[in-house]
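The structure under discussion appears below in the form of structure tokens.
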Amino acid sequence: MRVDVDMDVCQNYGQCVFAAPEVFDLDDAGDLVYQGEVDDASRTDVEAAVMACPVQAIAIPD
Amino acid sequence: MARIVVVGGSLGGLRVTEGLYAAGWDGEVVVLSAEEHAPYTRPPLSKAALTAAPDLATLAFKQRPEAGRAEWRYGVSAVSCDLDARTLRLSDGTDLSWDGLVAATGVEARRLPEVVGTGGHVVRTYDDCRALQERLTTGTRLVVLGAGFIGSEIAATAVRLGCEVDVVALDDVPMQAPLGREVGAAIQRRHEREGVRFHLGRGIASFTCGTDATRVTLEDGTKVEGDVLVQAIGSAPATSWLAGNDLDLTDGLVCDNDLRIEGRRGVVAVGDVARFPNPLIDDVPRRVEHWQMPMDTARRAAATLLSDLTAAVVDTAPFAPLPSFWSDQYDLRVQSFGSLAVADRAEVLEGDLDDEAVVGYFRGDDLVGALLLGMPRQMVRVRKMVVAALAQRQECPRDRDAPAAGGAA
Ligand SMILES: Cc1cc2nc3c(=O)[nH]c(=O)nc-3n(C[C@H](O)[C@H](O)[C@H](O)COP(=O)(O)OP(=O)(O)OC[C@H]3O[C@@H](n4cnc5c(N)ncnc54)[C@H](O)[C@@H]3O)c2cc1C
Ligand code: SF4
């Protein structure tokens, strides 16, 4: 499955990192890095991240 | 068909509705929303959304498809409720019966009685934000009453827009109650470097407020004048619709650890209005007015309702969500984990309060929370540190028989 983060909207709140640590991470500068293509096993976690993002930056396009 | 009524259609109401269907509820859900808008996120209302005409479409929450199975009644509020008869009286004059009830009514912005009807602003809703945003142009003189998070954020946003900003508050430093004196003072210095003027530690002797002019006289005679007044003096839980049911309504709705209101089956509360004990901290029921909590409480409250109304087997582990919040002022991200509210002492663990820092909050010798000023790289590590400290306390509590702080359960 695909994961999109609108990096113009993302404010690096990191809530997604707590919801789906296998997909989202903060790099050394505190900026979000994530995997754009993830295993379907992570779907529940990614959905939780979509809900947890305070600025609605994350989408699952399919 | 069995019916659950959700009173309040914001973050908590939305997530509990999704949670009910996701957990297998196959009855009706009716959501009553006093506001006319589909649920939207509030944190930007004192930050980015004040800088340009706010756009509801970008503030609206992403919803799970399940939310669409509910009947959403916008612009309709609950006026009163009979918990024994299981009925609600609505603002459109109709009655609605229910089998399960969710209180998700959040809090309302407090207003000084002198300001009601005078053109003074508050910021709680999208409509509030839009009304204030229209007034914030270069050179506007803004008077902010209150120096909590919301007042401080509005001050920061307005001064960056070119407004002249005066903040008036009873506390000695901004955000004194949640963050403590030292951290509050450090954040105040940042505001002052940006040009915000503070008038703190003094009450208001008198004031006049109109749509275009406001004048505040403080106890010591200081006069503060401005064009626009915004009140950010705290909030009051929206519980008047539950009056007459013999509930304790002094500070929100008192819940058990499964979020049942005073232990009543089939009646739960979520979000800002819910006052519940969190075993991660102690057994004192507290309200938590932070964005993360409506989601955590919604999940648990949905499970509780399902177990009360159907034969569903639910999670019986104690409900122990990690409190957390963030605030943005200028380029500073303030982020916390754990419960700063119960701490009796704060200590800088890393860095410098005037630059970037990690601050530990302690109750006795126990770490109960931590605050980051900036330091985004440390966020994941600090959160882990707090989770570990709280988990350890929970396993071997030192202060079990000490009187709990904050009292009044
Ligand atoms: C300006 C602002 C900035 C914020 N910034 C942050 C931040 O940076 N970080 C953070 O962690 N948190 C922040 N918060 C707090 C966060 O937004 C709240 O914790 C969250 O909105 C609580 O959600 P809720 O659903 O419990 O209540 P609310 O969002 O208050 O929703 C309650 C809803 O119920 C409706 N209602 C009330 N009474 C009735 C009735 N009788 N019948 C029907 N409907 C009713 C109300 O109109 C409202 O729509 C901020 C809040 C504000 C206002
Ligand atoms: S939760 Fe949202 S804002 Fe925060 S880092 Fe993730 S995508 Fe960005």
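By convention in this document, chain letters (A, B, ...) are assigned in the order of the sequence lines, proteins followed by strands, and residues within each chain are numbered from 1.
When heavy atoms are compared at a cutoff of 4.5 Å, B:A60 approaches chain A solely by way of its backbone atoms N, CA, C and O. For B:Q292, the part sitting under 4.5 Å from any heavy atom of chain A is the side chain, from C-beta outward, and nothing else.
The stretch residues 14-22 of chain A places A:G14, A:Q15, A:V17, A:F18 near chain B, each with some heavy atom under 4.5 Å from a heavy atom of that chain. Proximity to chain B among residues 3-13 of chain A is limited to A:Q11, A:N12, A:Y13, judged by heavy-atom separations below 4.5 angstrom. At a heavy-atom cut-off of under 4.5 Å, chain A is reached by B:W326, B:D328, B:R333, B:Q335, B:F337 from residues 325-337 of chain B, listed in order of number. Interface residues of residues 23-31 of chain A toward chain B, defined by a heavy-atom distance below 4.5 Å and sorted by number: A:L26, A:D27, A:D28, A:A29, A:G30.
A donor-acceptor pair under 3.5 Å is absent between the side-chain atoms of B:K62 and the main chain of A:C53, judged by distance alone.
Between the CE atom in A:M51 and the CE atom in B:M295 there is a gap of 9.5 Å [rounded to 0.5 Å].
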